[in-house]
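Written out below as structure tokens is the structure these notes cover.
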Amino acid sequence: MILHIIDDEKFLVSAITLFETIYPGENVFLVGTDKKGFNNYEDLKELTKIVFKKVNTDEYIHEYLNFTKTANLVLFHNVYKTYKLKLLNKYSIDVETAWFFWGAELYGLNPFYNALLPKTKKAYFKSLPLKVYLKKAILSNIKKYYYWGIFKKILKQNKLKFTLTNIAEDIDLLEHYANCKTKRGWFTYYTFNQTSNLHINNEAKRDVLIGNSSSETNNHLDAFHLIKDKNIADKKIYIPLNYGDERYKDLVVKQAATIFKEQARPITEFLSIEAYTSIIRSCSVLIMNHKRQQAFNTIMMALANGCKVFMREENTIYKTLKREGFIVFSIDKDINNKSAFKALMIEEQHHNLKLIKENYSKNNVLSRIKGELEEILNE
């Protein structure tokens, strides 16, 4: 039996479906919730065992320790949530363990990592009320130091034996900051499943999309100043801001209106996947100005639909995609080229789509994950 330590979040259904496809009937999902109510997922309960428990309670701990007695493997779906760190720090279990590295464990917990660029950082902190600023600038850092220490201790005690991600460069960075080695494996939630015709053409590609959310780690303001004097007067500037920090969203909307005037198209309401895909398809260029790894699914959606994607070279997704052979572009070096805002050539679009099918098709991803888990279980 595989025990999944997982949260009641939007990815839960896809995670359950993925693992029940690989190991049908052999999974137990211990779903941590910090809300009074939760989704029942009655249809999925017919497929597998799902147990909802409120985190940081004796009842949750009892279920966790009880399930680990009969599990062959315990899989933690991220460990940046503090209740998971407390659990791992306090209890030792006699079973193989692995965790899916989301990125927040390194970029969110780590007090020594700065994900913000100068213009965004200055304007964002200036916009905050004093109480909120003190909480973010001081209290959150104190909390980071505490939980980063616990996380490093857990890694060094080998309580999380295998680190799984498709972004190996994240593990390189983690080992640098945590000063320890970990056994590596491959995992991703992302699968390419072509359900509609992809637009591999340049006829409708003219606009620009910046970022993926209203999180300050998008560094929108720095991106705005980077492109404001480029030859983009005929382009719409789409800015997805429909989830994240409300104060930051307001700041970005105002700055975008000031700089781009009527070209600015902030997306502040939730869209259907069809509507969002339609916007992606209208864009020749996506600019992801994150220093840290973020927005992988959006980036892959853009590449599958023939868009030219710009990222910072320090971003580990950029390094991963370059290593895998994708045609992606550097904000640091390529954004000032005269052809920067021209669409990819048709053959370049087909090249990226071919790599996505080879590396991230559903069958290939499921097969690779199963192979990784078999190695762990047989060690």
When you compare the side chain of Leu321 with that of Met311, does any pair of heavy atoms fall below 4.5 Å? yes

Are Leu85 and Phe112 in one and the same hydrophobic cluster, where Ile, Leu, Val, Met, Phe, Trp and Tyr link if side-chain heavy atoms are under 4.5 Å apart? yes

Interatomic spacing from NZ in Lys143 to NZ in Lys135 - rounded to 0.5 Å: 8.0 Å

Distance alone, cut at 3.5 Å: any donor-acceptor contact between the side chains of Ser330 and Glu313? yes

Do Leu12 and Tyr243 belong to the same hydrophobic cluster, where Ile, Leu, Val, Met, Phe, Trp and Tyr are linked whenever their side-chain heavy atoms lie under 4.5 Å apart, directly or via other members? no

Can you sort out the partners of Asp250 under salt bridge (charged side-chain N to carboxylate O under 4.0 Å, His left out), two or more places apart, ordered by chain and number? none

Evaluate the side-chain proximity of Tyr64 to Ile61: yes if any heavy-atom separation is below 4.5 Å, no if none is. no

So for atom NZ, which belongs to Lys159, do other residues, nucleotides or ligands contribute more than 12 heavy atoms lying within a distance under 6.0 Å? yes

Going by atom types alone, do Lys354 and His351 pair a side-chain donor with an acceptor below 3.5 Å? no

If hydrophobic clusters are built by linking Ile, Leu, Val, Met, Phe, Trp and Tyr wherever their side-chain heavy atoms come under 4.5 Å apart, do Phe270 and Val252 end up in the same one? no

Is Lys308 positioned over the aromatic face of Phe329, cation under 6.0 angstrom from the ring centre and no more than 45 degrees off axis? yes

For atom NZ of Lys119, decide whether the heavy atoms of other residues, nucleotides or ligands shown that lie under 6.0 angstrom number more than 12. no

Salt bridge (Lys or Arg N to Asp or Glu O under 4.0 Å) evaluation trace for Arg184 with Asp172: CA-CA 10 Å; Arg184 303 180 177 212; Asp172 295 337; 2.7 Å; yes

Side chains of Asn212 and His290: closer than 4.5 Å at any heavy-atom pair? yes

Are Tyr60 and Tyr83 near enough that their ring centres are under 6.0 Å apart? yes

Below 6.0 angstrom between ring centroids: does that apply to Phe192 and Tyr360? no

Say you draw a straight line from CD1 of Ile5 to CG of Leu30; how long is it, rounded to the nearest 0.5 Å? 4.5 Å

Does Ile317 belong to the same Ile/Leu/Val/Met/Phe/Trp/Tyr cluster as Leu117, with side-chain heavy atoms less than 4.5 Å apart forming each link? no

Can you establish whether the number of heavy atoms outside Asp58 located under 6.0 Å from its atom CG is more than 12? no

Look up atom CG in Asp222 and atom CD1 in Ile287, then write down how far apart they are to the nearest 0.5 Å. 12.0 Å

Do the side-chain N and O atoms of Asp245 and Tyr124 include a donor-acceptor pair separated by under 3.5 angstrom? yes

Would you tell me whether Asn305 and Lys205 have side-chain atoms, one donor and one acceptor, within less than 3.5 Å of each other? no

Can you tell me how far apart CH2 (Trp186) and CD (Glu375) are? Round to the nearest 0.5 Å. 13.5 Å

Should the ring pair Phe187 and Tyr189 be called parallel, tilted or perpendicular, given that the plane angle runs from 0 to 90° and is split at 30 and 60? perpendicular

Verify the neighbour count for atom OH of Tyr146: are there more than 12 heavy atoms of other residues, nucleotides or ligands below 6.0 Å? no

Is Ile299 reachable from Ile273 through a run of I, L, V, M, F, W or Y residues, each pair having side-chain heavy atoms under 4.5 Å apart? yes

Near-ring test Trp148/Phe151, centroid separation under 6.0 angstrom: yes

Which class fits the ring pair Tyr80 and Trp102: parallel under 30°, tilted 30 to 60°, perpendicular over 60°? tilted

Hey, which of Thr97, Leu75, Leu73 is the one that makes side-chain contact (heavy atoms from CB on, under 4.5 Å) with Ile376? Leu73

Residue pairs, two or more places apart or on separate chains, that pass salt bridge (Lys or Arg N to Asp or Glu O under 4.0 Å) and touch residues 88-117: Glu96-Lys161

According to the interplanar angle, ranging from 0 to 90°, do the rings of Phe100 and Phe19 count as parallel (below 30°), tilted (30 to 60°) or perpendicular (above 60°)? parallel

Roughly how far, to the nearest 0.5 Å, is the CE atom of Met301 from the OH atom of Tyr276? 6.5 Å

Distance-only polar pair, side chains of Asn364 and Glu358, donor-acceptor under 3.5 Å: no

May I ask you to check whether Thr120 and Glu216 show a side-chain donor-acceptor distance below 3.5 Å? no

Within 6.0 angstrom of Lys156 NZ, more than 12 heavy atoms from elsewhere: yes

How long is the gap from OG on Ser339 to CG on Asp334, to the nearest 0.5 Å? 8.5 Å

Candidate pair Ser282 and Lys236, rule side chain to side chain contact (heavy atoms under 4.5 Å, CB included), full reasoning: CA-CA 9 Å; Ser282 75; Lys236 298 173 185 174; over 6 Å; no

